[in-house]
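Each remark here refers to the structure printed beneath this line.
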Amino acid sequence: MMDGDQGSAEDEPPSLLWGLDPVFSAYARLYVKDILQIRESRQVPGIFFYKSHPLFQVDVLGTVVYRREREDFYCYGVDDSTGVINCLCWKDEKWRDHGDSVKAAVRGPAGGGFNIEEQLRKLQEAERSSSVLQIGDLLRVRGSLKTSREQREIMASSFYKVNDPVMSVQISRMLEMPQLYRDCYDKPFHVPSSELSASSTDGPSSFQSVLGQSVHILKEFLKEKEVTRFRPYDVEYLLYPLIQQPGPNTSAEKEPGSVRSIIPAQSRNLLKETLKILQVEGEIFRKVLSQDEVYNVTEHDKDLLAAICEILREDCKREKYAEKGCHVLHILSSVRQKYSGNLSREALDVALRFLECNSDIISTTDAYYTVL
């Protein structure tokens, strides 16, 4: 049973400082029983707490104990011997449409010598087979945590079948997990006192107030300037006025350049948390995950909006979708294949609302859309 109703925002570290905890940016390797029991944040939906550690991504290894297939995704029940969690794993478009042809091509006659096309097909088939699992297979899955119908589940960002005939991978993980708990997860997250004093002196409520102002400022700026994409350093200066500067009698004034260093450091931390909230809300997303940290603004991304309309125009011609239109999960799967594999459900919802408000598309029933 989940204990998401236990605790309060006052029991949590201020969200402005979550990025200081290394667990927050990592895929936490927790036991399934702990994933099912951790509570959801009262400050930011979609963020969870294991003890005092904020997290939203997990890494699970376990045996598939049930399997349900839909047109766009698989639902795998993964058992790591402490509990079972549902994992939503999206199908790759090319396997759905061309899986049989790929198999046939691999089984086809091979010419003499090295055939690069044949080897590529074999590689593709190996990749396809690693993403289709049966009951009893060992699955490793990484993804973000979600609560759906009061049940905790993992929205997979990557998953694959693990070949472990002598159980070396499982044994290695069994030995690694207790050490991770001892050295990291079970130790409390201590916020450095310097960060607390530099950010605020009034407690968690002040952090939330500043963070709320930051989110509002950035939203208004992106809307007013009709920004399509940006990098963090393009907008960081907007948050400078929110950072509390040291008073005239503090030691910081006596040290040359110290004030100048405090403000950018705090604004970067504030911006980092602001961008995470905007991503959770679907206002922005990263089309490509790379070292060049570029964010696309959902409502102003014309290529994304055009891709959604094109998918609806084409698929709604098919008999299956002609009457009710396309379900939002089908649209999400198609957009991920044709435009960006990193698009979140929240960002898609924002884009669909925008298109519907502009009368480009219409919702026929709950979660189904078609073109006008």
Side-chain angles (χ1 to χ4, degrees), residues 69-75 88-102 120 124 127-128 131-132 143-144 146 155-159 219 222-223 225-231 278-290 292-372:
E69 183 176 359
R70 299 293 184 267
E71 180 182 5
D72 299 319
F73 57 89
Y74 295 103
C75 282
L88 191 64
C89 302
W90 294 97
K91 293 181 180 180
D92 194 306
E93 183 78 17
K94 59 179 177 288
W95 303 143
R96 249 191 313 130
D97 294 343
H98 310 299
D100 293 339
S101 62
V102 170
L120 179 60
Q124 290 175 335
E127 182 183 354
R128 189 200 68 83
S131 64
V132 180
S144 57
K146 299 289 182 184
M155 299 283 288
S157 56
S158 65
F159 68 99
K219 280 184 178 179
L222 298 176
K223 180 179 180 181
K225 301 298 183 182
E226 297 185 352
V227 178
T228 57
R229 59 182 60 87
F230 65 93
R231 294 172 175 82
L278 292 178
Q279 283 183 284
V280 169
E281 293 179 352
E283 299 289 338
I284 62 175
F285 69 97
R286 293 181 65 184
K287 181 180 178 181
V288 178
L289 297 180
S290 65
D292 186 16
E293 193 175 351
V294 178
Y295 291 88
N296 289 45
V297 182
T298 307
E299 289 189 355
H300 299 156
D301 190 334
K302 295 181 179 179
D303 292 336
L304 169 63
L305 301 177
I308 294 172
C309 291
E310 179 64 23
I311 289 167
L312 288 175
R313 274 194 297 269
E314 292 299 319
D315 289 0
C316 287
K317 294 177 183 177
R318 297 162 59 183
E319 183 179 352
K320 181 177 181 179
Y321 305 110
E323 182 178 352
K324 292 179 63 177
C326 298
H327 190 271
V328 64
L329 291 180
H330 170 77
I331 301 171
L332 179 60
S333 176
S334 299
V335 174
R336 281 178 169 174
Q337 298 302 323
K338 297 182 179 180
Y339 184 70
S340 170
N342 301 312
L343 188 77
S344 67
R345 167 68 185 273
E346 292 77 12
L348 178 65
D349 288 339
V350 169
L352 291 172
R353 285 196 301 269
F354 180 80
L355 289 169
E356 189 170 15
C357 288
N358 286 350
S359 300
D360 294 313
I361 64 174
I362 186 172
S363 56
T364 55
T365 58
D366 185 33
Y368 285 86
Y369 293 86
T370 186
V371 290
L372 290 173

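These numbers were taken from a predicted model, which means no experiment stands behind them. Index from 1, following the sequence.
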A side-chain contact here means heavy atoms from C-beta on lying under 4.5 Å apart; do Leu348 and Ile308 qualify?
yes
Atom CD1 in Ile331, atom CZ in Arg336: separation rounded to 0.5 Å?
13.0 Å
With side chain to side chain donor-acceptor pair (under 3.5 Å) as the rule and sequence neighbours excluded, what pairs involving residues 362-372 come up?
Glu356-Ser363
Using ring centroids (six-membered ring only for Trp), state whether Tyr321 and His330 fall under 6.0 Å.
yes
Taking only Lys NZ, Arg NE, NH1 and NH2, and the carboxylate oxygens of Asp or Glu, determine whether Asp292 and Arg231 approach each other closer than 4.0 Å.
yes
Evaluation steps, side chain to side chain contact (heavy atoms under 4.5 Å, CB included), between Phe230 and Val294
CA-CA 6 Å; Phe230 65 93; Val294 178; over 6 Å; no
Lys91/Glu71 salt bridge by N-O under 4.0 Å criterion
no
Side chain to side chain contact (heavy atoms under 4.5 Å, CB included) between Tyr295 and Leu222: does it pass, once the steps are laid out?
CA-CA 11 Å; Tyr295 291 88; Leu222 298 176; over 6 Å; no
Testing the basics here: between Cys316 and Gly325, what is the closest heavy-atom pair and its distance to 0.1 Å?
SG-CA, 4.1 Å
Going from CG on Leu352 to SG on Cys357, what distance comes out if it is rounded to the nearest 0.5 angstrom?
11.0 Å
Atom pair CG (Asn358) and CZ (Arg353), whose distance is rounded to the nearest 0.5 Å:
13.0 Å
Beyond-backbone contact of Tyr339 with Ile311, side-chain heavy atoms, under 4.5 angstrom:
no
Please report the closest heavy-atom contact between Ser334 and Asp315, naming both atoms and the distance.
OG-OD2, 4.1 Å
Considering all heavy atoms, the nearest Trp90-Phe159 contact:
O-CE2, 3.6 Å
Under 3.5 Å, which donor-acceptor pairs do the side chains of residues 280-288 form with other protein atoms, sequence neighbours left out?
unit_1, atom_1, unit_2, atom_2, d
Glu281, OE1, Lys219, NZ, 2.9
Arg286, NH2, Ser290, O, 2.7

Qualifying residues under salt bridge (Lys or Arg N to Asp or Glu O under 4.0 Å), relative to Glu299, sequence neighbours excluded
none
Counting C-beta onward and ignoring hydrogens, is there a side-chain heavy-atom pair between Val132 and Tyr74 closer than 4.5 Å?
yes
Which heavy atom in Ser344 sits nearest to a heavy atom in Leu332, and how many Å separate them?
O-CD1, 4.0 Å
Compare all side-chain heavy atoms of Ser157 with those of Ser144 and state whether any distance is below 4.5 angstrom.
no
Between Arg345 and Asp349, is there a side-chain N and carboxylate O pair less than 4.0 Å apart?
yes
Show the nearest heavy-atom pair for residues Ile361 and Cys309, with the distance to one decimal.
CG2-SG, 4.4 Å
Could you walk me through whether Glu314 and Lys338 pass the salt bridge (Lys or Arg N to Asp or Glu O under 4.0 Å) check?
CA-CA 13 Å; Glu314 292 299 319; Lys338 297 182 179 180; over 6 Å; no
Are the side chains of Thr228 and Asp301 in touch, meaning some heavy atoms are under 4.5 Å apart?
no
